Amino acid sequence: MVYGFIGALHRRSLWSMLPPNLEIGMAEMRVNISGALTQAQKNHDKRRVATLRLVNAAITDRDIALRGKGKDRADDEEITEILVKMVKQREESSELYRNGGRPELERQELEEIEIIREFLPKPLSESEIEAAIRNAIDETEAVSLRDMGKVMAWLKEHHRGQIDMAKAGARIKTFLNGGQG
């Protein structure tokens, strides 16, 4: 019984050590990724463990970089940004491996992409992307290509991780030039 009391006291003291401005929902993605890593370790899933460790390392790197800027930790938006970047890197690598005749390495990259995508918001369909772009143009009152930055910023804010911004940029240009998309 003494151990239970000490454990409870220890947990309470750790809780009190958290920064007072820490929002409980802020680190939801971080918790999900750590939980998935723990489960993968229990299941002895080597590919998943390695991928999730890389994700955690990237998040830790961002945390360290943010400390220099006066921010304590990466929030869910920044973690989403990290994951999108990791997916894009792996897509480029898998294409290079496919072109280079290395199917085993291509398959490894594709497996990692699937693991990382589990933690990203569901991507929008083509029709949803078009509707989002039209909505962004309406909301920002964009009328010319000069307003493209405002439209892109609005899309990033409202649909982070759901839209490939490079592809969306070309479609926004078409809309702002008077095209239909």
Side-chain angles (χ1 to χ4, degrees), residues 3-4 6-100 102-125 128-129 132 152-153 155-168:
Y3 292 112
I6 292 172
L9 181 62
H10 181 67
R11 281 190 299 277
R12 247 184 251 131
S13 64
L14 286 177
W15 184 259
S16 65
M17 291 169 48
L18 291 174
N21 60 349
L22 179 70
E23 298 174 25
I24 299 303
M26 181 180 92
E28 184 176 332
M29 287 183 78
R30 189 183 301 263
V31 171
N32 290 344
I33 292 167
S34 294
L37 175 59
T38 302
Q39 190 60 45
Q41 288 171 326
K42 288 179 183 177
N43 295 339
H44 303 287
D45 186 345
K46 291 180 183 179
R47 168 68 51 230
R48 192 168 176 79
V49 168
T51 303
L52 293 173
R53 282 183 175 159
L54 286 172
V55 169
N56 274 340
I59 293 170
T60 302
D61 285 347
R62 178 68 61 94
D63 288 343
I64 291 168
L66 289 173
R67 281 187 212 137
K69 297 178 182 174
K71 190 172 177 188
D72 191 34
R73 305 174 83 181
D75 58 14
D76 281 352
E77 276 186 22
E78 290 164 324
I79 292 173
T80 300
E81 206 173 272
I82 292 166
L83 296 179
V84 167
K85 182 179 177 185
M86 291 179 81
V87 167
K88 192 167 283 300
Q89 288 170 341
R90 279 155 183 76
E91 286 172 343
E92 292 169 1
S93 295
S94 71
E95 185 177 330
L96 291 173
Y97 290 138
R98 181 176 40 255
N99 295 339
R102 300 293 306 267
E104 71 284 353
L105 293 175
E106 176 192 6
R107 187 174 46 256
Q108 177 181 329
E109 295 294 324
L110 294 174
E111 288 172 5
E112 289 182 5
I113 289 170
E114 290 307 311
I115 293 167
I116 295 168
R117 280 193 175 145
E118 291 175 22
F119 303 98
L120 287 171
K122 180 183 157 277
L124 298 180
S125 68
E128 291 171 325
I129 291 171
M152 293 289 281
L155 283 173
K156 279 184 181 178
E157 181 180 336
H158 291 88
H159 297 287
R160 184 180 304 271
Q162 296 179 300
I163 297 177
D164 181 347
M165 298 311 283
K167 291 177 184 174

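The shown structure was predicted, so the numbers you read here are calculated from the model rather than taken from an experiment.
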For R30 and R73, run side-chain contact (heavy atoms from CB on, under 4.5 Å): C-alpha distance rounded to whole Å, both residues' side-chain angles, the deciding distance at 0.1 Å, then the answer. CA-CA 10 Å; R30 189 183 301 263; R73 305 174 83 181; 2.8 Å; yes
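- With rounding to the nearest 0.5 angstrom, the CG atom of L52 is 8.5 Å from the CD1 atom of I116.
- Just one of Q39, Q41, K46 meets the side-chain contact (heavy atoms from CB on, under 4.5 Å) condition when paired with N43; it is Q39.
- Scanning for side-chain contact (heavy atoms from CB on, under 4.5 Å) contacts around E77 gives D75, R160, with sequence neighbours left out.
- Checked for salt-bridge contact, R102 and E104 meet the test: a charged N lies under 4.0 Å from a carboxylate O.
- Within the model, atoms CG of L124 and CD1 of I129 stand 5.5 Å from one another, a figure rounded to the nearest 0.5 Å.
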Identify each donor-acceptor pair in which a side-chain atom of residues 105-113 lies under 3.5 Å from a protein atom, sequence neighbours left out, and give them as a table.
unit_1, atom_1, unit_2, atom_2, d
E106, OE2, R98, NH1, 2.6
E111, OE1, R47, NE, 3.3
E112, OE1, R90, NE, 2.7

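- R117 is linked by a salt bridge (Lys or Arg N to Asp or Glu O under 4.0 Å) to E91, E114, counting only residues two or more places apart in sequence or in another chain.
- D63 contributes atom CG, which lies 8.5 Å from atom CD of E78 (distance to the nearest 0.5 angstrom).
- Residues that satisfy the side-chain contact (heavy atoms from CB on, under 4.5 Å) test with A58, not counting sequence neighbours, are I82, M86.
- Checked against side-chain contact (heavy atoms from CB on, under 4.5 Å), K85 has the following partners two or more places apart in sequence or in another chain: Q89.
- Closest approach of A168 and L155 over heavy atoms only: CB-CD1, 4.5 Å.
- Here the CE-CE distance, from M165 to M152, works out to 4.0 Å after rounding to the nearest 0.5 Å.
- Expressed to the nearest 0.5 Å, how far CG of L120 lies from OG1 of T80 amounts to 6.5 Å.
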For a side-chain contact (heavy atoms from CB on, under 4.5 Å) check, start with the C-alpha distance between E128 and H159, then their side-chain angles and the critical distance, and finish with the verdict. CA-CA 11 Å; E128 291 171 325; H159 297 287; over 6 Å; no
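- Applying the side-chain contact (heavy atoms from CB on, under 4.5 Å) criterion to N56, with sequence neighbours excluded, gives I33, S34, L37, I59.
- Put simply, CG on D45 and CD1 on I115 are 6.5 Å apart, with the number rounded to the nearest 0.5 Å.
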